Amino acid sequence: MKRGFTLIEILVVVAILAILIIMGLNSLHNQINKARDADRKGDLQRIQIAFEDYYNDHNCYPPEALFDCNPGTGLKPYLEKIPCDPITKLPYHYVHDPDYTCGKNFRVLTHLDNSADPIATDLSTYCAGCNYGVSSTNVNLFPGASPLPSASPLPSPSASPATLYYACNFSEHLCTFRGTIPPDCAFYWTSVNCNGVNCSQLQYDCPQ
C-alpha cells in the first residue's frame with residue numbers, strides 16, 4: 001500500500017518553499033536597488049563634469065534656475081538632458097555657495113537605497129536622507145572635513161620625463177602607479193602614497 005505525505009511533511013515542504021521565495025525576493029529587491037543606485041551615481045558624475053565644463057566657460061557654476069530636470073535642457077550644450085532621480089523623478093539636491101549669481105562651489109546630492117554600499121555616508125547636513133554626492137574640487141563633500149588636497153599641476157615642457165605619477169584606483173582602494181605621463185583625471189600625485197589621501201573615497205577615483 002502506498003503511503004501518502006503526512007501533514008508535518010507537507011508543512012515542512014511549504015515552509016522551505018516559502019523561505020526560498022522570500023530569499024529570492026530579497027535578492028531581487030537588492031539587485032534592483034543596486035541598479036537604481038548605479039543610475040544615480042552615473043547621473044551625478046555626468047552632472048559634475050557638465051558643471052566643471054560650464055565653469056570653464058563662465059567662471060562660475062550654473063545658477064539653481066538652470067538645474068531643473070523637467071524639461072532638463074538648462075545645461076545644454078554641456079549636458080543634453082539633466083537627469084532626474086529614477087524613482088522620484090525630481091531633480092537631485094543642488095547645494096551651492098550663497099552667491100547664486102556666480103557660484104564658486106557646489107555639491108550635488110542624492111539618496112542611495114543600498115545602505116550597505118561602502119560609499120554611502122551621512123550627508124543629512126545638506127538634505128534629509130542624502131548619503132551620496134559629488135562636489136566641485138575646491139570644497140570637500142563631507143561636512144566639517146578638511147579641504148581637499150590640491151592635485152599636482154601639469155608639468156612644464158622642461159619637466160623631466162622621468163617624473164612618476166600615481167593616482168587612486170577606487171575599485172581596489174589603492175594608490176597605483178600610472179607611468180611617466182600625467183593621467184587624464186582630476187587628482188594625481190608624484191608621491192607613491194598619493195599624498196596620503198583615502199583612495200576609498202570616490203571623488204579621488206582616477207580610472208585606468
Side-chain angles (χ1 to χ4, degrees), residues 19-55 61-62 64 66-76 78-96 105-145 148 167-176 183-187 194 197-208:
I19 292 172
L20 291 175
I21 290 172
I22 291 172
M23 290 175 61
L25 290 175
N26 284 338
S27 177
L28 177 61
H29 181 69
N30 289 338
Q31 292 304 315
I32 291 174
N33 284 343
K34 289 179 180 179
R36 288 171 177 166
D37 288 348
D39 288 342
R40 293 181 175 109
K41 293 174 186 177
D43 288 346
L44 265 60
Q45 293 301 318
R46 291 195 297 274
I47 290 170
Q48 182 182 38
I49 292 170
F51 273 27
E52 296 297 347
D53 289 343
Y54 184 98
Y55 188 92
Y61 292 108
E64 186 176 10
L66 295 182
F67 192 67
D68 186 357
C69 64
N70 294 300
T73 56
L75 285 178
K76 281 188 173 182
Y78 309 99
L79 189 60
E80 187 67 21
K81 174 76 167 64
I82 300 171
C84 298
D85 182 275
I87 299 301
T88 66
K89 305 304 179 184
L90 296 174
Y92 291 106
H93 195 78
Y94 181 21
V95 179
H96 41 72
N105 61 63
F106 74 87
R107 297 174 179 88
V108 181
L109 311 161
T110 188
H111 170 75
L112 299 182
D113 291 329
N114 179 22
S115 58
D117 193 315
I119 301 175
T121 188
D122 181 15
L123 295 173
S124 57
T125 297
Y126 302 118
C127 62
C130 288
N131 59 5
Y132 175 78
V134 296
S135 66
S136 53
T137 56
N138 60 344
V139 294
N140 199 298
L141 180 64
F142 307 99
L148 295 174
C168 285
N169 183 331
F170 174 75
S171 62
E172 298 179 2
H173 298 178
L174 295 174
C175 180
T176 56
D184 184 17
C185 57
F187 292 100
C194 293
V197 304
N198 184 357
C199 284
S200 65
Q201 294 186 15
L202 182 61
Q203 65 262 38
Y204 297 123
D205 185 34
C206 182
Q208 294 281 9

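As the structure is a computational prediction, the values presented were derived from the model and not from experiment. Starting from 1, each residue takes its place in the sequence as its number.
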- Can you name the residues that form a side chain to side chain donor-acceptor pair (under 3.5 Å) with Asp117, not counting sequence neighbours?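 For Asp117 the side chain to side chain donor-acceptor pair (under 3.5 Å) partners, ignoring immediate neighbours, are Lys41.
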- Message: On a heavy-atom basis, which atom in Cys69 and which in Pro91 lie closest, and how many Å separate them?
- Response: SG-N, 3.4 Å
- Task: Kindly write out the residues that satisfy side chain to side chain donor-acceptor pair (under 3.5 Å) with Thr121, not counting sequence neighbours, or none if the list is empty.
- Result: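 Applying side chain to side chain donor-acceptor pair (under 3.5 Å) to Thr121 gives none.
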- Message: Run the side chain to side chain contact (heavy atoms under 4.5 Å, CB included) test against Asn105 and tell me which residues pass, sequence neighbours left out.
- Response: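 Partners of Asn105 by the side chain to side chain contact (heavy atoms under 4.5 Å, CB included) criterion, ordered by chain and then number, come out as Asp97, Ser136, Asn138, Val139.
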- Task: Mind checking ring-ring contact (aromatic ring centres under 6.0 Å, His included) for Tyr55 and listing every partner two or more places apart, or none if nothing turns up?
- Result: Tyr61
- Task: To the nearest 0.5 Å, tell me how far His93 NE2 sits from Leu44 CG.
- Result: 12.0 Å
- Task: Please name all residues satisfying side chain to side chain donor-acceptor pair (under 3.5 Å) with Asp184, sequence neighbours left out, ordered by chain then number.
- Result: none
- Assess whether ring-ring contact (aromatic ring centres under 6.0 Å, His included) is satisfied between Phe106 and Phe67, documenting all intermediate values. CA-CA 12 Å; Phe106 74 87; Phe67 192 67; 9.1 Å; no
- Taking all atoms of both residues into account, what is the closest heavy-atom pair of Arg36 and Pro86, and its distance?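 Residues Arg36 and Pro86, closest heavy atoms: O-CG, 4.1 Å.
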- Using the test ring-ring contact (aromatic ring centres under 6.0 Å, His included), find all partners of Tyr54 that sit at least two apart in sequence or belong to another chain. His58, Tyr78
- Message: Could you work out, with ring-ring contact (aromatic ring centres under 6.0 Å, His included) as the rule, every residue matching Tyr92, not counting sequence neighbours?
- Response: none
- Is the distance between the SG atoms of Cys168 and Cys199 less than 2.5 Å?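 Judged by the SG atoms alone, which are under 2.5 Å apart, Cys199 and Cys168 are bridged.
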- Task: Give, for atom CG of Asp39 and atom SG of Cys84, the distance between the pair rounded to the nearest 0.5 Å.
- Result: 12.5 Å
- Task: If a pair satisfies salt bridge (charged side-chain N to carboxylate O under 4.0 Å, His left out) and one of its residues is in residues 198-208, list it, with sequence neighbours excluded.
- Result: none
- Task: Using modelled atom types only, decide if a donor and an acceptor are shared between the side chain of Asp37 and the backbone of Asn114 within a distance under 3.5 Å.
- Result: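 Confirmed, Asp37 side chain pairs with Asn114 backbone.
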- Message: Give me each pair satisfying salt bridge (charged side-chain N to carboxylate O under 4.0 Å, His left out) with a member in residues 81-90, each pair once, sequence neighbours excluded.
- Response: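 Found Arg40-Asp85.
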- Message: Treating Ser124 as the side-chain partner and Cys130 as the backbone partner, does any N or O pair qualify as donor plus acceptor under 3.5 Å?
- Response: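 A pair under 3.5 Å: no.
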- Going by heavy atoms in the side chains, are Ile82 and Asp68 under 4.5 Å from each other? no
- Query: From Leu109 CG over to Leu141 CG, what is the distance, rounded to the nearest 0.5 angstrom?
  - Reply: 6.5 Å
- Task: Using side chain to side chain donor-acceptor pair (under 3.5 Å) as the criterion, list what pairs up with Thr73, not counting sequence neighbours.
- Result: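 Not a single residue meets the side chain to side chain donor-acceptor pair (under 3.5 Å) criterion with Thr73.
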- Item | Between CD on residue Gln201 and CG on residue Asn140, distance to nearest 0.5 Å |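 Nearest 0.5 Å value for the CD-CG distance: 7.0 Å.
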- Query: Rounded to the nearest 0.5 Å, what separation is found between the OH atom of Tyr126 and the CG atom of Asn131?
  - Reply: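 One finds 14.0 Å between OH of Tyr126 and CG of Asn131.
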- Item | Side-chain (Gln48) to main-chain (Ser135) donor-acceptor, under 3.5 angstrom | yes
- Sequence neighbours excluded, the answer for side chain to side chain contact (heavy atoms under 4.5 Å, CB included) partners of Glu80 is Lys76
- So, do Phe51 and Pro62 sit near enough that their side-chain heavy atoms are less than 4.5 Å apart? yes
